[in-house]
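Let me begin by presenting the structure, written as structure tokens, before commenting on it.
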Amino acid sequence: HVDLVESGGGSVQAGGSLRLSCKASGIVYHSYCLGWFRQGLGKKREAVASIGQYGRTRYAEFVKGRFTISRTNTEIIVSLQMNSLEVEDTGRYYCAADSKCTGSWEGFDIWGQGTQITVSS
């Protein structure tokens, strides 16, 4: 059983920054790919960023260089540094793990409960 627990959500004005963290506990392997997804009110969940065991990253187009995903493997923690936040970034952000590291956004099969981000104008 794997638990993913997010932290770092909150409210910020447009142009500001936030950093999300997610700690994995339980039977977690360093080979897992880790990622962040988000869901705005009334919108479908969408991928934000992912990172492999050795640090290879992938970002959604809308990130536009504003966000940076990172991870540590001593304790398995994945972080998302978000800069230049926009009102459109408002939503619930979910930490996720892909136990097979499929390379596909659809491969993420373990999910956290999420943390809310609200960006105001």
Side-chain angles (χ1 to χ4, degrees):
H1 179 73
V2 177
D3 285 321
L4 300 174
V5 180
E6 302 97 336
S7 61
S11 298
V12 66
Q13 287 193 320
S17 299
L18 282 174
R19 185 178 180 85
L20 304 181
S21 290
C22 171
K23 184 174 180 180
S25 61
I27 302 175
V28 184
Y29 297 97
H30 295 160
S31 59
Y32 286 10
C33 283
L34 302 171
W36 289 94
F37 290 71
R38 72 184 190 185
Q39 186 168 18
L41 190 63
K43 298 180 180 179
K44 291 182 179 179
R45 186 168 60 193
E46 59 184 354
V48 177
S50 68
I51 185 167
Q53 176 185 3
Y54 300 111
R56 182 173 182 177
T57 59
R58 183 181 177 191
Y59 294 94
E61 190 66 28
F62 62 78
V63 168
K64 301 175 187 175
R66 301 180 296 131
F67 298 176
T68 303
I69 189 170
S70 59
R71 69 184 283 169
T72 62
N73 287 330
T74 46
E75 286 186 295
I76 299 180
I77 297 173
V78 58
S79 299
L80 185 69
Q81 177 66 41
M82 303 185 292
N83 300 326
S84 302
L85 283 162
E86 303 169 352
V87 173
E88 294 74 19
D89 294 318
T90 294
R92 192 162 186 86
Y93 282 67
Y94 296 89
C95 173
D98 179 350
S99 59
K100 295 181 175 61
C101 207
T102 61
S104 168
W105 297 122
E106 289 72 24
F108 284 83
D109 53 355
I110 304 168
W111 297 88
Q113 294 297 307
T115 184
Q116 180 68 31
I117 302 294
T118 302
V119 184
S120 59
S121 58

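Atom set for the values below is all heavy atoms of this structure, side chains included, hydrogens, waters and symmetry mates excluded.
In the hydrophobic clustering of ILVMFWY residues, with side-chain heavy atoms under 4.5 Å counting as a link, M82 and I77 come out apart. F108 and I51 sit in two unconnected hydrophobic clusters of ILVMFWY residues. Membership requires side-chain heavy atoms under 4.5 Å apart, directly or through other members. Neither V5 nor V78 shares a network with the other; the hydrophobic side chains, linked directly or stepwise wherever heavy atoms of I, L, V, M, F, W or Y lie under 4.5 Å apart, form separate groups for each.
For residues 80-97, every residue pair satisfying the side chain to side chain donor-acceptor pair (under 3.5 Å) rule, not counting sequence neighbours, is listed here: S17-N83, R19-Q81, R38-D89, R38-Y93, R66-D89, Q81-N83.
From D98, atom CG reaches atom CG of L34 across 9.0 Å, with rounding to the nearest 0.5 Å. If you take CZ on R71 and CG on L80, they are separated by 14.0 Å, rounding to the nearest 0.5 Å. One distance of note links CG of N73 with OH of Y29; it measures 15.0 Å at 0.5 Å rounding. A distance of 10.0 Å separates CD in E75 from OG in S25, rounded to the nearest 0.5 Å. Distance CG/D109 to OH/Y32: 7.5 Å, rounded to 0.5 Å. To the nearest 0.5 angstrom, I69 atom CD1 is 14.0 Å from R56 atom CZ.
Closest approach of L4 to C22, counting heavy atoms only: CB-SG, 3.8 Å. Taking both residues in full, the closest heavy atoms of A47 and A60 are given as O-CB, 3.3 Å, listed atom of the first, atom of the second, then distance. Minimum heavy-atom separation, S21 to S79: OG-OG, 3.4 Å. Closest approach of S99 and I110 over heavy atoms only: CB-CD1, 4.4 Å.
Taking the six-membered ring for Trp and the full ring otherwise, F37 and W111 have centroids separated by under 6.0 Å.
Here V87 sits alone; no ILVMFWY side chain lies under 4.5 Å from its own, so it joins no hydrophobic cluster.
A donor-acceptor distance shorter than 3.5 angstrom exists from the side chain of T102 to the backbone of S104, with no hydrogens or angles considered.
Relative to the ring axis of W105, R45 does not place its NZ or CZ within 45° and under 6.0 Å from the centre.
Within the 4.5 Å cutoff, the side chain of F67 has heavy atoms near those of the L85 side chain. Residues I76 and K23 form no side-chain contact, since every pair of their non-hydrogen atoms from C-beta on lies 4.5 Å or further apart.
Legend: residues meeting salt bridge (charged side-chain N to carboxylate O under 4.0 Å, His left out) with E106, ordered by chain and number and at least two apart, are absent.
For CD of Q13, the number of neighbouring non-hydrogen atoms (other residues, nucleotides, ligands) closer than 6.0 Å is 12 at most.
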Please report the C-alpha distance between L20 and W36 in whole Å, then the side-chain angles of each, then the deciding distance to 0.1 Å, and finally whether the side-chain contact (heavy atoms from CB on, under 4.5 Å) criterion is met. CA-CA 9 Å; L20 304 181; W36 289 94; 3.6 Å; yes
